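Small disclaimer: the values here were computed from a predicted structure and weren't measured. Below, each value reflects all heavy atoms present in this structure, side chains not excepted, and no hydrogens, waters or symmetry copies.
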Amino acid sequence: MPKLAQDLEGIVNHKLDALMPSDIRLFDRYVSQYEGVIKLTLGEPDLDTPEHVKQAAIKDIEANDTHYAPQSGMPRLRQAISKYVKKLDGVDYDPETEITVTVGATEALNVTLGALLNTGDKVIIPTPVWSMYMQEVCLTGATPVEVDTSDDGFVLTPEKLEEVIEREGKGVKAVMLNDPSNPTGVTYPKEVIEGLAEVIKKHHLYALSDEIYAELIYGDTKHYSVATYIPERTLYISGLSKSHAMTGWRLGFICGPAEIMKNVAKLNDFTITSVTNNVQAAGIEALENGLDDPKEFKKIYQRRVTFMEKGLKELGFDMALPRGAFYIFAKIPEKYNGDDVSFAKALAEKARVGVTPGSFFGQGGKGYVRMSYASSDEHLHEALKRITKFVNEN
């Protein structure tokens, strides 16, 4: 096996030196060492992609659709995305100039940040949040500004945003929002979104809105997008991974004003050339004929979250109000002294249940653990039994 030449050692992109691999992924590997462990660690739906969506991809392959697709995505898919977003959030995006198809929402985030940010810029990120946001911002040379929202019900308030902008001074270019939230499952009320939109507009900022869980909201709760109120300032990022159980298909998209989307589309072209054709065919089918698919998934997730929420509260776990996505963000009982990492390690070792320490999601997550209920009912029932036994005995 070749060994790097000595004179080339250290000649790399040093922005990567300071970035560690995802703690979430590393901890998932850690708990995987325990035989028989039930993993509630990753945001991976246990449900299958709907059959009609899979068949659309198969037919596309059989039709020999094997040449390069348009770089921003197939026109029919971009048209379907435009209709979908307008129905969901009331924003009318031009399929030709304001929508770009990506390899999942993660790549969408990367090219959006890369097209927008320069060294020295700052991005305000309410935490706890999916840790990849901070890493992706750092890769551009910009600085993530974490805002602890734990005292405000895990919601970034307009007042807090105003305070942080004033404190940070020059350099703030954008605010990152994820609603419903990973890891908390919290959704933003309409009045908060409206207030945030006003602050963002007042300070001449961009809003970067990750809407990947927008379809997965439960009960009487409604989803409100900042794009509805300030579309001229918002870059809207989403995909089909969560809504249609298509994580492995890697299909995402970005919507925004044509002027900034020119750069977003350009960087996307440089990065991927184009998204796989049969994946786009599946996306077309999902958005044209599968808009009811998430409704069936929601019924399943609603049953699961109700079961887990009730059982955990009886054990003494406090939690954010889980009304979206498929996560419970639970504060561990007081007897564990807020040490979420030790708690999660012991739970994996002694009870064979894998959860993710809340401190991995940034400021405000310490003392909490994230549990994904995107697992089977059988696994969730067994996991709760094991957690109950662990808490009662340790």
Side-chain angles (χ1 to χ4, degrees), residues 23-24 27-28 30-31 38-43 125-131 133-134 146-157 160 178-189 192 213 216 218-219 221 301-302 304-375 380-381 383-394:
D23 285 333
I24 299 167
F27 199 80
D28 178 69
Y30 171 82
V31 303
I38 296 175
K39 296 200 296 183
L40 310 181
T41 45
L42 298 181
I125 303 176
T127 66
V129 76
W130 186 49
S131 60
Y133 290 164
M134 273 75 82
E146 293 189 45
V147 182
D148 184 345
T149 63
S150 57
D151 290 336
D152 297 306
F154 298 110
V155 165
L156 177 64
T157 66
K160 177 70 78 171
N178 175 217
D179 177 23
S181 163
N182 172 13
T184 67
V186 165
T187 60
Y188 276 66
V192 174
Y213 296 100
L216 301 180
Y218 313 112
T221 307
Y301 292 139
Q302 176 74 76
R304 292 174 179 176
V305 69
T306 300
F307 167 76
M308 290 297 291
E309 185 180 11
K310 180 177 182 293
L312 290 169
K313 283 183 176 179
E314 289 176 353
L315 289 174
F317 289 85
D318 291 328
M319 64 193 69
L321 193 62
R323 290 298 175 261
F326 36 61
Y327 307 106
I328 286 178
F329 202 59
K331 189 171 186 178
I332 60 179
E334 290 186 7
K335 66 180 180 178
Y336 300 106
N337 300 315
D339 190 342
D340 51 288
V341 176
S342 293
F343 174 86
K345 286 183 174 180
L347 187 66
E349 179 185 355
K350 297 180 179 180
R352 297 297 195 267
V353 176
V355 299
T356 306
S359 54
F360 292 175
F361 298 93
Q363 299 172 8
K366 182 176 174 54
Y368 288 79
V369 291
R370 188 190 74 171
M371 303 181 188
S372 170
Y373 51 88
S375 186
L380 290 174
H381 280 258
L384 189 59
K385 287 181 183 177
R386 296 182 186 184
I387 294 170
T388 300
K389 187 174 187 293
F390 174 84
V391 170
N392 288 337
E393 295 179 358
N394 295 274

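- For the atom pair Ser375 OG and Tyr301 OH, the distance stands at 10.0 Å (nearest 0.5 Å).
- Distance check, rounded to the nearest 0.5 Å: CD of Glu349 to CZ of Phe390 gives 9.0 Å.
- Within the 3.5 Å criterion, the main-chain N or O of Asp339 finds no donor-acceptor partner in the side chain of Ser342.
- Here salt bridge (Lys or Arg N to Asp or Glu O under 4.0 Å) pairs that include residues 351-371, with residues two or more places apart or in two chains, number zero.
- Legend: residues meeting salt bridge (Lys or Arg N to Asp or Glu O under 4.0 Å) with Lys310, ordered by chain and number and at least two apart, are Glu314.
- Using modelled atom types, no side-chain atom of Asn178 and backbone atom of Ser181 make a donor-acceptor pair closer than 3.5 Å.
- Counting only heavy atoms from C-beta outward, the side chains of Leu156 and Val147 approach each other to under 4.5 Å.
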Go through the steps to decide whether Leu40 and Val353 satisfy the test side chain to side chain contact (heavy atoms under 4.5 Å, CB included), and finish with yes or no.
CA-CA 7 Å; Leu40 310 181; Val353 176; 4.3 Å; yes
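- Donor-acceptor pairing under 3.5 Å is lacking for the side chains of Thr157 and Asp152.
- Asp340 contributes a side-chain N or O that, together with a main-chain N or O of Ser359, makes up a donor-acceptor pair within less than 3.5 Å.
- Put simply, the side chain of Val305 reaches to within 4.5 Å of the side chain of Gln302, judged on heavy atoms.
- Applying the side chain to side chain contact (heavy atoms under 4.5 Å, CB included) rule to Gln363 yields the partners Thr127, Glu146, Asp148; only residues at least two apart in sequence or on another chain are considered.
- Listed by chain and residue number, Leu315, Leu384, Asn392 satisfy the side chain to side chain contact (heavy atoms under 4.5 Å, CB included) test with Thr388 (two or more places apart in sequence, or in another chain).
- Under the rule for a side chain to side chain contact (heavy atoms under 4.5 Å, CB included), the partners of Val155 that lie at least two apart in sequence or sit in another chain are Val186, Tyr188, Val192.
- With sequence neighbours left out, the side-chain hydrogen bond (donor to acceptor under 3.5 Å, both in side chains) criterion links Lys350 to Asn394.
- Phe154 contributes atom CZ, which lies 14.0 Å from atom OG1 of Thr187 (distance to the nearest 0.5 angstrom).
- Within the 4.5 Å cutoff, the side chain of Ser131 has heavy atoms near those of the Ile24 side chain.
- Checked against side-chain hydrogen bond (donor to acceptor under 3.5 Å, both in side chains), Tyr133 has the following partners two or more places apart in sequence or in another chain: Asp210.
- The shortest side-chain heavy-atom distance between Pro128 and Thr184 falls under the 4.5 Å cut-off.
- Contact detail for Ser150 and Gly364: the closest heavy-atom pair is CB-O, 3.7 Å.
- Side-chain contact check for Lys160 versus Thr149: every heavy-atom pair is 4.5 Å or farther apart.
- Taking each heavy atom of Ile38 and Ala383 in turn, the nearest pair found is CD1-N, 3.9 Å.
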Derivation and outcome, side chain to side chain contact (heavy atoms under 4.5 Å, CB included), residues Val369 and Phe343
CA-CA 9 Å; Val369 291; Phe343 174 86; 3.9 Å; yes
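- A 4.5 Å side-chain heavy-atom check between Asp23 and Phe361 finds every atom pair outside the cut-off.
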Could you walk me through whether Tyr373 and Leu380 satisfy the side chain to side chain contact (heavy atoms under 4.5 Å, CB included) test, starting with their C-alpha distance in whole Å, then the side-chain angles of each, then the deciding distance to 0.1 Å, before giving a yes or no?
CA-CA 7 Å; Tyr373 51 88; Leu380 290 174; 4.0 Å; yes
Under 3.5 Å, which donor-acceptor pairs link side chains of residues 321-332 to any protein atom two or more places apart or in another chain?
from   : atom 1 : to     : atom 2 : distance (Å)
Tyr327 : OH     : Tyr213 : OH     : 2.6

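- Shown here are the ring pair (Phe, Tyr, Trp, His ring centres under 6.0 Å) partners of Phe27, two or more places apart in sequence or in another chain: Tyr30, Phe360.
- Note that NE2 of His381 and CE of Met308 are 9.5 Å apart. Values are rounded to the nearest 0.5 Å.
- For Asp179, there are no side-chain hydrogen bond (donor to acceptor under 3.5 Å, both in side chains) partners at least two apart in sequence or on another chain.
- Under the side-chain hydrogen bond (donor to acceptor under 3.5 Å, both in side chains) criterion, Thr41 pairs with Asp28, sequence neighbours left out.
- Applying the salt bridge (Lys or Arg N to Asp or Glu O under 4.0 Å) rule to pairs touching residues 384-394 yields Glu382-Arg386, Lys389-Glu393, sequence neighbours excluded.
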